[in-house]
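So the structure is just underneath, and the comments pick up after that.
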Amino acid sequence: EITLSLDFQDNGKLGGYVVYAKSQDSVIAGGKLDGNSWQQRQTFPLRQLSAGEKCQLNILVIDRGGNLASQKVVVPVEK
């Protein structure tokens with residue numbers, strides 16, 4: 001598992017978000033958002049990775065106007 005602090009902000013209204021784990025080839029989290037800011041510390045389940053592998057998460061956020069923002073998070077796995 002991995003824990004991240006998420007902080008989404010928009011000058012209008014947020015719509016929703018998804019978190020995609022490349023190592024699992026699947027969406028592992030997501031949800032509807034409301035308002036113009038959202039903060040949360042969240043733990044995501046991940047399959048067991050070996051030392052030297054990289055954990056890559058792609059986080060996508062969309063606002064009510066249809067604008068899409070993305071962030072890639074890559075964390076090397078240590079022993």
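The chain is numbered in sequence order, starting from 1.
If you chain together hydrophobic residues whose side chains sit under 4.5 Å apart, Val27 and Tyr17 never meet in one group. Residues Leu60 and Leu4 do not share a hydrophobic cluster, clusters being chains of Ile/Leu/Val/Met/Phe/Trp/Tyr side chains in contact below 4.5 Å. Both Val18 and Ile62 are members of a single hydrophobic cluster when ILVMFWY side chains are connected at heavy-atom separations under 4.5 Å.
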Discussion item. Show, in sequence, the C-alpha distance, side-chain angles and deciding distance for Val19 and Asn58, and conclude whether the side-chain contact (heavy atoms from CB on, under 4.5 Å) test is met.
Written reply: CA-CA 6 Å; Val19 179; Asn58 295 326; over 6 Å; no
Worksheet item: Does the side-chain contact (heavy atoms from CB on, under 4.5 Å) test come out yes or no for Leu33 and Asp63, once each step is laid out?
Response: CA-CA 9 Å; Leu33 300 172; Asp63 69 11; over 6 Å; no
Discussion item. Applying side-chain contact (heavy atoms from CB on, under 4.5 Å) to Leu14 and Val61, what does each step give before you reach the verdict?
Written reply: CA-CA 8 Å; Leu14 294 167; Val61 181; 4.0 Å; yes
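For residues 14-43, the pairs satisfying salt bridge (charged side-chain N to carboxylate O under 4.0 Å, His left out) are Lys13-Asp34, Asp34-Arg64, with sequence neighbours left out.
Of all the heavy atoms in Leu49 and Ser23, the pair that sits closest is CD2-CB, 3.8 Å.
Counting heavy-atom neighbours within 6.0 Å of Gln48 CD, excluding the residue itself, gives a total of 12 or less. Atom CD of Glu1 sits in a sparse spot, with 12 or fewer heavy atoms from other residues, nucleotides or ligands closer than 6.0 Å.
Taking the six-membered ring where the residue is Trp, Phe8 and Trp38 present parallel rings, their angle staying beneath 30° rather than reaching 60°.
Taken to the nearest 0.5 Å, the CG atom of Leu6 stands 7.0 Å off from the CD atom of Gln40. Rounding to the nearest 0.5 angstrom, the gap separating the CG atom in Asn11 from the CG atom in Asn36 is 8.5 Å.
Remark: the backbone N or O of Arg47 is paired with a side-chain donor or acceptor of Gln24 at under 3.5 angstrom.
Residues Val74 and Cys55 form no side-chain contact, since every pair of their non-hydrogen atoms from C-beta on lies 4.5 Å or further apart. Using a 4.5 Å heavy-atom threshold, the side chains of Val73 and Gln56 count as separate.
Screening Thr43, Ile28, Leu57 for a side-chain contact (heavy atoms from CB on, under 4.5 Å) with Ile2, the sole residue that qualifies is Leu57.
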